[in-house]
Colleague: 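Sending over a structure as structure tokens; questions will come in a sec.
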Amino acid sequence: MVRGRISGLSVRDVRFPTSLGGHGSDAMHTDPDYSAAYVVLETDAGDGLKGYGITFTLGKGTEVVVCAVNALAHHVLHKDLKDIVGDFRAFYRQLTSDGQLRWIGPEKGVVHLATAAVLNAVWDLWAKQEGKPLWKLLVDMDPRTLLACIDFRYITDVLTEEEAFEILQKGQVGKKEREEQMLVQGYPAYTTSCAWLGYSDDTLKQLCTEALKDGWTRFKVKVGADLQDDIRRCRLIRNTIGPEKTLMMDANQRWDVPEAVEWMSKLAEFKPLWIEEPTSPDDILGHAAISKALVPLGIGVATGEQCHNRVIFKQLLQAKALQFLQIDSCRLGSVNENLSVLLMAKKFEIPVCPHAGGVGLCELVQHLIIFDFISVSASLTNRMCEYVDHLHEHFKYPVIIEKASYMPPKDAGYSTEMKEDSVKKHQYPDGEVWKKLLAARGN
Ligand SMILES: C[C@H](O)[C@@H](O)CC(=O)C(=O)O
Ligand SMILES: [Mg+2]
């Protein structure tokens, strides 16, 4: 049963120096330090349970997200958890409609990332109090309660609450079997960890070879900075993984629209399933033009990791601008907004392949996609969830990958809690890791 009043909210700036090894690098983000604004909620329930929430950042700027979390804190503090989750739609709207903070969004940018961190902590706390992993909390929730968590404002022209209810009602059929299937087989994953842009050819080859041995069959390679490099790297990876394995490419917004089409026509020989973020994430019609142009080459367009909100996803779907939809657990307004996108994707029959390249994103998004399979999509066709092999050791409940699949988490909560020791060491700028690095850099 849900209990307690929120008695404390703290937020910390936690950064991992991944840029030192080129991990996470791509054509736009050449030196990412995987980071998080890390929120902890406490209650007066006396049960010792806390809610942990993160949003993902790349280093600099995390302190800005931390400020935004503090600016939102008064909406959460001193509220009964029962009142928050009892009318979650209203609470989501309260957070996203703060009469003054909304001006620096609305529902996008720093303030929306902060919203995600706070709400992720609320969901973690709720799931913990119910004694269930988040995916199971969602799967067991009756459709009306689930829908009451979603703000349908701005999307009713494509998805009404009644249509969403019908989708969830249909999803009840075979749910038990699909849950058993997940518990036995897990959710299929692909790896991005072999081919970050900053990796040398030798590293790329070695990591692909090891990944093949570990049973990986789907790989993503970063492209977009230099065509000749891309051709060489894609040839190397295709030769290493062979013709049958699945290859995806990710340009991280590097190109103009005509450039994207031209560049991809040069990479088509390597048979990519999709090109991800070929251009600006805001350019819906640009994505539609690229999608159309790439049909004859058999290449789909994937996007979503930098889609601000459900409205952008709605329009991408309406404009037939993507063939693979990539939700992100920390960019959209937490589970609440992600639920609306999963339901829209189902209506348009577009496969959801979540983004997870970041710290903690694998931990969180696995819950959403496992719920999606059990209760919404009921399909694994053309679907897979991204996996990156970094920083899981800092989490109390790290992901479990078996045979290149995510095994459903069994611990209660949203898998968001970090080890306190890791947080202390990596806190910016006072943690011991940063003190040493900053001193070495002469700062
Ligand atoms: C900066 C991040 O590592 C980004 O490259 C992740 C990404 O695009 C992905 O995982 O996809
Ligand atoms: Mg990407």
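As the structure lists them, so they are numbered: ligands from 1, and atoms in each ligand from 1. Both backbone and side-chain heavy atoms feed into the values below; hydrogens, waters and symmetry mates do not. Throughout, residue positions are numbered sequentially from 1 according to the sequence presented.
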Colleague: Between Glu177 and Gln181, is there a side-chain donor-acceptor contact under 3.5 Å, judged purely by atom types and distance?
Modeller: no
Colleague: Indicate the ring-plane relationship of His23 and Tyr199, choosing parallel, tilted or perpendicular according to the 30° and 60° boundaries.
Modeller: perpendicular
Colleague: Measuring from non-hydrogen atoms of Glu276 to any atom of ligand 1, is the shortest distance under 4.0 Å?
Modeller: yes
Colleague: Under 3.5 Å, is there a donor on one side chain and an acceptor on the other for Gln306 and Glu277?
Modeller: no
Colleague: Not counting sequence neighbours, which residues clear side chain to side chain contact (heavy atoms under 4.5 Å, CB included) with Asn338? List them please.
Modeller: Ile327, Leu332, Leu368
Colleague: Could you tell me the residue and atom name of the protein heavy atom closest to atom 5 (O) of ligand 1, and the distance to it rounded to 0.1 Å?
Modeller: Asp26 OD2, 2.4 Å
Colleague: For the side-chain contact (heavy atoms from CB on, under 4.5 Å) test, which of Ile369, Thr217, Leu273 pairs with Met384?
Modeller: Leu273
Colleague: May I ask you to identify, for Glu386, whether its side chain, its backbone, both or neither come under 4.0 Å of ligand 1 on a heavy-atom basis?
Modeller: side chain
Colleague: Are Asn309 and His112 linked by a side-chain donor-acceptor pair shorter than 3.5 Å?
Modeller: no
Colleague: Please verify whether a non-hydrogen atom of His23 lies at under 4.0 Å from ligand 1.
Modeller: no
Colleague: Short list, please: which atoms of ligand 1 are under 4.0 Å from a heavy atom of Tyr34?
Modeller: 2 (C), 3 (O)
Colleague: Report yes if His29 has an N/O atom closer than 3.5 Å to an N/O atom of ligand 1; otherwise report no.
Modeller: no
Colleague: Looking at ligand 1, does any of its N/O atoms fall within less than 3.5 Å of an N/O of Glu277?
Modeller: no
Colleague: Can you find an N or O of Gly24 that's nearer than 3.5 Å to an N or O of ligand 1?
Modeller: yes
Colleague: Which ligand 1 atoms are under 4.0 Å away from a heavy-atom of Trp196?
Modeller: 3 (O), 5 (O)
Colleague: Could you tell me the residue and atom name of the protein heavy atom closest to atom 7 (C) of ligand 1, and the distance to it rounded to 0.1 Å?
Modeller: Lys222 NZ, 3.0 Å
Colleague: May I ask you to list the atoms of ligand 1 that are less than 4.0 angstrom from any heavy atom of Lys220?
Modeller: 9 (C), 10 (O), 11 (O)
Colleague: Check the side chains of Glu107 and Thr96 for a donor-acceptor pair under 3.5 angstrom, ignoring hydrogens and angles.
Modeller: no
Colleague: Taking only residues two or more places apart in sequence or in another chain, which ones pass side chain to side chain contact (heavy atoms under 4.5 Å, CB included) with Ala378?
Modeller: Arg178
Colleague: For the Mg ion (ligand 2), which protein N/O/S atoms are closer than 2.8 Å?
Modeller: Asp250 OD2, Glu276 OE2, Glu305 OE1
Colleague: Give a yes or no answer on whether the side chain of Gln366 reaches the backbone of Glu363 with a donor-acceptor pair at less than 3.5 Å.
Modeller: yes
Colleague: Check side chain to side chain contact (heavy atoms under 4.5 Å, CB included) between Asp430 and all other residues, then give those that pass, not counting sequence neighbours.
Modeller: none
Colleague: I'd like to check Asp33 versus Lys60 (side-chain heavy atoms, cut-off strictly below 4.5 Å). Are they in contact?
Modeller: no
Colleague: Indicate whether any N or O donor in one side chain lies under 3.5 Å from an N or O acceptor in the other, for His355 and Glu276.
Modeller: no
Colleague: Can you tell which part of Asn252 has a heavy atom less than 4.0 Å from ligand 1: side chain, backbone, both or neither?
Modeller: side chain
